[in-house]
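Quick caveat, the model's predicted, so the values are computed rather than measured.
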Amino acid sequence: MSVTVSMTVNGKAVSGNVEPRTLLVQFLRDHLRLTGTHVGCDTSQCGACVVHLDGVSVKSCTMLTVQAEGAAVTTIEGLAQGDRLHPMQEAFRENHGLQCGFCTPGMVMSAIDLVRDNPEITEDEIRKGIDGNLCRCTGYHNIVKSIKAGAAAMKG
Amino acid sequence: MYEFDHRRPGTLADALDALRAADDGTVLAGGQTLLPTLKQRLASPSDLIDLSGIAELQGIAIDGDAVVIGAMTRHADVAASSEVQQKIPALAALAGDIGDRQVRNRGTLGGSVANNDPAADYPAACLALGATIKTSAREIAADDFFTGLFETALEDDEVVTAVRFPAPDKAAYMKFKNPASRYAIVGVFVARTADGVRVAVTGAGDGGVFRVPEMESALAANFTPSALEGIAVPPDDLNSDIHASAEYRAHLVGVMARRAVAACG
Ligand SMILES: Cc1cc2nc3c(=O)[nH]c(=O)nc-3n(C[C@H](O)[C@H](O)[C@H](O)COP(=O)(O)OP(=O)(O)OC[C@H]3O[C@@H](n4cnc5c(N)ncnc54)[C@H](O)[C@@H]3O)c2cc1C
Ligand code: FES
Ligand code: FES
């Protein structure tokens, strides 16, 4: 049995018919074709699926679409303004904060939430703050560097 | 995931009616344990009764010398609460170290205590602080609430509404984390109150969270880490898994307990 859901995604009002068991990430990827949000595990541990829900980071694989009824969701596709990348995206590009890029959307979404909460964030706080995001490629060094640079750029 | 119906009642009374009316209803709080369980098809409820629309289950209030926290209060809100930071800083710190940032933005106090995962953090705080679990039907002392592995005193169709934590003189929680899941391999919560000292251990026990009376009486006489020298928890009733043997966990209980007492200052 399907139900109707309505929410705001990347600033636009959207609605759709989903089964109650449809995960938010499935709604974003399969119904809205916003495939920037990834699925890297089925144990809620990797963070590839992180989006913002009413301004805070959540794992869209560990939420039902119906739980986002009426909410404002931002995905990686909603960050850039036209051709201009968000300062955090730009910082990942500049600092080689990605290799294969699979974890990157989730990393960037987590990083922005983290920095909004703590603009003067230290390297230690960054390392601890992204412990819900796993990367199989980079060894994290350049991710941490990117977030540090992104934090500085977001202030300016 | 198997199919289910989803309902989001606006009051506790409606939630209880929906639970009773359902064939096999389950309440949904933050979903950070329930949804992974459903994804693995380890459960197949007919109805999920979503508690997120019920205002009376939210929020943090000071009640005399205690802090009362609504069941649907998220870990991130407990960690950030100035009331909790002021009255029971060890509890705010514990909440701020559960899982990761995204889990803390969804997971709730009520879900954690109702689930009673043997490696969860809140059960240790409830037991050591002598908390009272308030439900839709009654009030249950933490000592009587956590009854075994993923088992609690909750009846079918009984919902946790809030937890009342009396403020201690001093308290601290030390957790040795599993680096992958961030759950406790061993966590020890030590609290000193007017009524004495309570020591609760999570992550280690075969039957979930437990108290250590020998440590409590030693600390009541002398509240210093050295008072715990020579007190060992026997490994017989402790977990052994790929992460740690029972002997290693027994050792960690002593280490974490001494560190927690030291952290009490
Ligand atoms: C990656 C990851 C890491 C984690 N790390 C930790 C950790 O380090 N420490 C830790 O303690 N926890 C950890 N957790 C678990 C997390 O804290 C969960 O949020 C918590 O266990 C369950 O809370 P919830 O609100 O998400 O409940 P849900 O998942 O919604 O519900 C859990 C269970 O409790 C029942 N329930 C929920 N609310 C109530 C209520 N009010 N009354 C009666 N029954 C209820 C549900 O029916 C269900 O059976 C982790 C989870 C994940 C995914
Ligand atoms: S897909 Fe791995 S945490 Fe969501
Ligand atoms: S860049 Fe490949 S997983 Fe992180």
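With a 6.0 Å radius and a threshold of 12 heavy atoms from other residues, nucleotides or ligands, B/H251 has its NE2 atom at or below the threshold. Atom CZ of A/R136 has 12 or fewer heavy atoms from other residues, nucleotides or ligands within 6.0 Å. Taking a 6.0 Å sphere around CD of B/Q86, one finds it holds 12 or fewer heavy atoms contributed by other residues, nucleotides or ligands. For A/K155, the NZ atom is densely surrounded, since the number of other residues' heavy atoms within 6.0 Å is greater than 12.
Counting heavy atoms from C-beta outward, A/K59 and B/R106 have side chains that stay 4.5 Å or more apart. Side-chain contact between B/D100 and A/Q45 is absent, with no heavy atoms from C-beta onward closer than 4.5 Å. When side chains are defined from C-beta on, A/T62 counts as touching B/P36, because their heavy atoms get closer than 4.5 Å. Inter-residue side-chain proximity for B/N105 and A/L53 is flagged as unmet; no heavy-atom pair is nearer than 4.5 Å.
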Problem - Steps toward side chain to side chain contact (heavy atoms under 4.5 Å, CB included) verdict (B/D50, A/L64) - result: CA-CA 11 Å; B/D50 184 341; A/L64 301 171; over 6 Å; no
Exercise for the section: Please assess B/D5 against A/R21 for the test salt bridge (Lys or Arg N to Asp or Glu O under 4.0 Å), listing each intermediate value before the final yes or no. Expected result: CA-CA 8 Å; B/D5 280 342; A/R21 63 177 165 173; over 6 Å; no
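Residue B/A76: no heavy atom, backbone or side chain, is found under 4.5 Å from chain A. Only the side chain of B/R74 comes within less than 4.5 Å of a heavy atom of chain A; its backbone N, CA, C and O stay farther away. Neither the backbone nor the side chain of B/L34 comes within contact range of chain A; no heavy atom of the residue lies under 4.5 Å from a heavy atom of that chain. Using a 4.5 Å cut-off between heavy atoms, B/L28 touches chain A through its side chain atoms alone. In this structure, chain A has a heavy atom under 4.5 Å from the side chain of B/R182, while its backbone stays farther away.
In this structure, the separation between CG on B/L35 and CE on A/M63 is 9.0 Å, given to the nearest 0.5 Å.
Screening residues 105-114 of chain A for side-chain hydrogen bond (donor to acceptor under 3.5 Å, both in side chains) gives A/S57-A/D113, A/S110-A/N133, A/S110-B/Q102, A/D113-B/R101 as the qualifying pairs, with residues at least two apart or on separate chains.
Of all the heavy atoms in A/Q67 and B/A29, the pair that sits closest is NE2-O, 4.0 Å.
With chain B as partner, the option from A/L23, A/D42, A/T43, A/I130 having the largest number of non-hydrogen pairs under 4.5 angstrom is A/L23. Residue with the most contacts toward chain B among A/V50, A/L134, A/V58: A/V58 (heavy-atom pairs, distance under 4.5 Å).
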